[in-house]
There are 2 protein chains.
Amino acid sequence: MAVRTKLPEAPALPLNQILAGDCIDVMRSLPEASVDLIFADPPYNLQLKGELHRPDNSRVDAVDDHWDQFSSFAAYDKFTRDWLAAARRLLKPNGAIWVIGSYHNIFRVGSALQDAGYWILNDVVWRKSNPMPNFRGKRLTNAHETMIWASKSEAAKYTFNYDALKALNEGVQMRSDWVLPICTGHERLKDANGDKAHPTQKPESLLHRVLVGSTNPGDVVLDPFFGTGTTGAVAKMLGRQFIGIEREDSYREAAAQRIARVRPYDASALETSGSKRAEPRVPFGQLVERGMLRPGEVLVGPRGSTAKVRADGTLVGDRMTGSIHQVGAHYEGAPSCNGWTYWHFKREGKMVPIDFLRQQIRAELGEH
Amino acid sequence: MAVRTKLPEAPALPLNQILAGDCIDVMRSLPEASVDLIFADPPYNLQLKGELHRPDNSRVDAVDDHWDQFSSFAAYDKFTRDWLAAARRLLKPNGAIWVIGSYHNIFRVGSALQDAGYWILNDVVWRKSNPMPNFRGKRLTNAHETMIWASKSEAAKYTFNYDALKALNEGVQMRSDWVLPICTGHERLKDANGDKAHPTQKPESLLHRVLVGSTNPGDVVLDPFFGTGTTGAVAKMLGRQFIGIEREDSYREAAAQRIARVRPYDASALETSGSKRAEPRVPFGQLVERGMLRPGEVLVGPRGSTAKVRADGTLVGDRMTGSIHQVGAHYEGAPSCNGWTYWHFKREGKMVPIDFLRQQIRAELGEH
DNA sequence: GTCCTCTATGAATCTAGGA
DNA sequence: TTCCTAGATTCATAGAGGA
């Protein structure tokens, strides 16, 4: 009788945790082919020289952290190739990666991705609606950052929720340029002194779009440069699992507290549109993406009808799902309905039409 | 008596011509440090497999020309590094380059630029207002291309017409994302069969912005991948000199005919908004010398600080003597200060900045 | 409470020229 | 080359604070 040898068990995947340490070491310790998506915001290797002042003589708080210092392009390239290789090992065969950067580093990253066997699907431009100006008038305002979306290999059957992104974008195909504001205000994490907890915190709206578009509920999302945990926070909201890796103690602590405060959206809010739904005529999804309305939040009609907001900007009503217009029309028994004026949400005890939020966005967009 | 040997003359620069041949060979034959700006639209190294059809089954006319075929990244990299080196040799010390590309090649180009010693100034996103949709719904609509603007070296004093671009942008700084339509309609060159003469003809509006922003009238602009000559056409319109290099006979012919039809703008139309830096320098002492300010007169700062004018054009402040800038900076506790806008004097009950007097002097100077 | 003004700040490779 | 000084230069947004 043959003795059945037990195979060594693969180490368990540490889901919804923030792991301490160097991301390359940690990634090498994790089981291969176990992750659906990687979102990475690596150091940009800014090469800043002196100080910079605004015309009013105030000092610009520059990114001068030790983790952004590299001795040369060669050193940065080696670092990049090493972490990209470790990351690729962790991806499932149909997995994909997003990497964000600026002109300082993104060309190194893009070349390294291609050389490592990743297959670029799109480069996506995050167009900042409110970037910092160029104070000395010596260059163009640096008003965007670049994200590269790539699958593990050319053959990969990557996840792409085409219809969900189309729904987020007024019913037309999502483009490769995304206009979103930078992370400020309440969303921006502060330390005990009231200073920004992390110099380069990314907006949740950006991660919302990435995760809605390229993962499904329950997927495992790894962020090897976790920082203050935007990826984890949005993953939790959206019912995805996350794994964070972060070297700095202070960032890990801030991220853990932040994520603990996050309330996941209702499961029903996370179902995204199937492929045959009609086209909404308004960008209602942007209100959700930007956090102006929470998935799961209940909207109220003029005669007390209610409907629940989903993550892709559709509504769930009584035996009825669709755009804000469709659900409103359904309740009214009318052939059509302007959802923007029909639906209201509650703020500080008052019922406010959702059109109020659309006007806020339009005011921003109209300025460009 | 010594015989004076004539030095071999540098070959003359073939201005406003389209040169036939491989761009690397041709560039190597031209005199070094002779060109102000290079605009390059190199082959994109597209990796298209098979044909692409629209939902109605019509065939998309893809870029499959033989000049865009490279067997591997290594071959494309070698080509890129070779032409970038030849181009850099041609640039004057304060020259600059623009290269346009898509995610297929731009990361290779950007890395090669950095490795060759160019210094990236901005990456600029051309955001297409009317891109081709993604027919299969498998990716985001590829709605932009990327341009890299780089100087010959970090030390270069590159040309940047900040005020002209600001004027082009309704009075606010030009950003790194440019929204412009793709080249269609009358502007798109057709061959004898009515088909497009070149698969990737760039819009003139794009070159207009590049040349207004980073060259001056009379500058020499080289385009090593001339195609159907958009760079040459816009250069001629704008009173810049061009050198085109193109391998394909049909493109050269189309470009030559096109450029012959171009009528340059009037010289007066080419004057762009000037910068203050270009205006003649006026020492503060001249205001005293000319009697516009009396020695002993008291100047006032925005927060009530005061200083007394001396006969030699220095100011006496609170335990501090120096130039208008130094005393202003001292009061503000700032590293620097523009004394011309900081200090005010009283005329007819109103506080007037001393810059008003400088403008009077400059107006007089301008009359001669 | 409302409206308005003022202030602070954000991934930034941010000067030019003469002595 | 280095040093020194003149002097040119900002947009969108959030939040505080005053009228």
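Naming: A, B, ... by sequence-line order, numbering from 1 per chain.
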How long is the line joining [atom1] of [X] and [atom2] of [N], in whole Å?
| X | N | atom1 | atom2 | value |
| --- | --- | --- | --- | --- |
| Leu180(A) | dT13(D) | CG | P | 12 Å |
| Met132(A) | dT9(D) | CE | C1' | 14 Å |
| His104(A) | dC14(C) | NE2 | C1' | 11 Å |

Nucleotide nearest [X] (side chain, heavy atoms from C-beta), chosen from [options]:
| X | options | result |
| --- | --- | --- |
| Asp56(A) | dT9(C), dA12(C), dA6(D) | dT9(C) |
| Phe73(A) | dA8(D), dT13(C), dA12(C) | dT13(C) |
| Trp67(A) | dA11(C), dT13(C), dA12(D) | dA11(C) |
| Asn142(A) | dA6(D), dA12(C), dA11(C) | dA12(C) |
| Trp340(B) | dA11(C), dA6(D), dG7(D) | dG7(D) |

When the aromatic ring centroids of [X] and [Y] are compared, is their separation below 6.0 Å?
| X | Y | value |
| --- | --- | --- |
| Tyr44(A) | His104(A) | no |
| Trp149(A) | Trp98(A) | yes |
| Trp67(A) | Phe225(A) | no |

(request) With C1' as the reference atom in both, quote the distance from dT13(C) to dA6(D) in angstrom, rounded to an integer. (result) 25 Å
(message) Rounding to an integer number of angstrom, what distance separates dT9(D) and dA11(C) when you compare their P atoms?
(response) 25 Å
(message) With the criterion set at under 5.5 Å between ring centres and under 30 degrees between planes, would dT13(C) be stacked on Trp119(B)?
(response) yes
Scan [X] against the nucleic acid and name what it touches under 4.0 Å (heavy atoms): base, sugar-phosphate only, or nothing.
| X | result |
| --- | --- |
| Gly101(A) | nothing |
| Ile120(B) | base |
| Pro335(B) | nothing |
| Arg358(B) | sugar-phosphate |
| Pro131(A) | base |

(message) Within 90° of 0 counts as syn, otherwise anti: where does dT15(C) fall?
(response) anti
So does [X] reach the base of [N] with its side chain, donor to acceptor, closer than 3.5 Å?
| X | N | value |
| --- | --- | --- |
| Ser336(B) | dA8(D) | yes |
| Arg277(B) | dT15(C) | no |
| Lys138(A) | dA12(C) | no |
| Arg54(A) | dG10(C) | yes |

(message) Could you go through Glu204(A) and Thr230(A), starting from their C-alpha distance and side-chain angles, then the distance that decides it, and tell me whether this counts as side chain to side chain donor-acceptor pair (under 3.5 Å)?
(response) CA-CA 6 Å; Glu204(A) 294 183 358; Thr230(A) 305; 6.0 Å; no
(request) Dump the intermediate steps for salt bridge (Lys or Arg N to Asp or Glu O under 4.0 Å) on Arg258(A) and Glu253(A), then the final yes or no. (result) CA-CA 9 Å; Arg258(A) 171 191 192 177; Glu253(A) 285 162 24; over 6 Å; no
(request) Using a strict cut-off of less than 4.0 Å between a Lys/Arg side-chain nitrogen and an Asp/Glu carboxylate oxygen, indicate whether Asp177(B) and Arg175(B) qualify as a salt bridge. (result) yes
(request) May I ask you to list the residues of residues 182-197 of chain A, by number, that have any heavy atom positioned under 4.0 Å from an atom of DNA chain D? (result) Thr184(A), Gly185(A), His186(A)
(message) Let's see if you get this right: which residues in residues 153-168 of chain B place a heavy atom under 4.0 Å from DNA chain D?
(response) Tyr162(B), Lys166(B)
(request) Map Asp61(A) and Asn122(B) onto DNA chain C by nearest heavy atom, then report which one ends up closer to the 5' terminus. (result) Asp61(A)
(request) May I ask you to check if Arg108(A) and Phe73(A) form a cation-pi contact, with NZ or CZ under 6.0 angstrom from the six-membered ring centre and within 45° of the axis? (result) yes
(request) Runs of at least three consecutive Watson-Crick or G-U pairs, both distances under 3.5 Å, are what I'm after; which ones involve DNA chain D? (result) C:2-10 with D:11-19, C:15-19 with D:2-6
